[in-house]
Amino acid sequence: SIITYMVKKVLKIKTDYGIYDCIFTQAKDIGGYVVEARGLSGAFTQGRNLVEAKIMIKDAIEGLIEAQAILKAEKQGIVKIKQGQFAHIA
């Protein structure tokens, strides 16, 4: 099926790690909004309405930043990730 997108809005979303410009696109055919954070590859989600989409993108941004920090710490030998768990080494 083809999804028709309509209105695009750019809104600032406050997270625990700063404020991010996010593009909210209304999906006419399926309802709700598809949203992505500018400048954060991989930070995208959707919501049934604008309120839910704002909550979902905030969670996506924070989760992405936290995952990147954990992976960086693993590369530096600060933590070790094993079977979905991580332990502090240093």
Side-chain angles (χ1 to χ4, degrees):
S1 71
I2 297 173
I3 299 171
T4 304
Y5 293 101
M6 289 182 59
V7 180
K8 286 190 177 190
K9 300 178 183 186
V10 178
L11 302 174
K12 294 190 180 299
I13 300 297
K14 184 178 178 184
T15 73
D16 290 343
Y17 306 110
I19 298 172
Y20 294 86
D21 286 337
C22 297
I23 303 166
F24 291 78
T25 305
Q26 188 177 17
K28 181 180 179 183
D29 294 350
I30 61 172
Y33 287 84
V34 176
V35 58
E36 64 180 297
R38 282 187 177 164
L40 287 176
S41 180
F44 60 91
T45 189
Q46 64 184 38
R48 290 177 289 205
N49 53 52
L50 190 58
V51 171
E52 183 178 270
K54 287 178 181 180
I55 293 167
M56 298 296 287
I57 195 62
K58 178 182 182 290
D59 288 346
I61 292 167
E62 291 174 350
L64 178 64
I65 291 170
E66 291 163 3
Q68 289 173 342
I70 290 168
L71 290 174
K72 183 177 179 181
E74 182 186 34
K75 287 180 182 179
Q76 295 173 347
I78 298 169
V79 298
K80 182 172 175 85
I81 300 172
K82 183 177 179 182
Q83 296 179 352
Q85 299 177 355
F86 67 95
H88 189 286
I89 295 173

Problem set entry | From Ile19 atom CD1 to Lys14 atom NZ, the distance as rounded to the nearest 0.5 Å | 6.5 Å

Exercise. Would a hydrophobic clustering, with Ile, Leu, Val, Met, Phe, Trp and Tyr connected at side-chain separations under 4.5 Å, put Tyr20 with Leu50?
Worked result: yes

Exercise. Within a strict 4.5 Å, meaning less than it, do heavy atoms of the Tyr33 and Ile57 side chains meet?
Worked result: no

For this session: Find the distance between NZ (Lys28) and CD (Gln26) and round it off to the nearest 0.5 Å.
Result: 9.5 Å

Problem set entry | Gap separating the CG atom of Asp21 from the CZ atom of Arg38, nearest 0.5 angstrom | 5.5 Å

Problem set entry | Any Val35 side-chain heavy atom under 4.5 Å of Ile13 side chain | no

For this session: Verify the cluster assignment for Ile61 and Leu11: are they in a single hydrophobic cluster under the rule of side-chain heavy atoms below 4.5 Å apart?
Result: yes

Exercise. Say you draw a straight line from CZ of Phe24 to NZ of Lys54; how long is it, rounded to the nearest 0.5 Å?
Worked result: 6.5 Å

Problem set entry | Donor-acceptor contact below 3.5 Å, side chain Gln46 vs main chain Gly32 | no

Exercise. Going from CG on Asp16 to CD1 on Ile65, what distance comes out if it is rounded to the nearest 0.5 angstrom?
Worked result: 9.5 Å

Exercise. CG of Asp59 to CG of Leu64: how many Å apart, nearest 0.5 Å?
Worked result: 12.5 Å

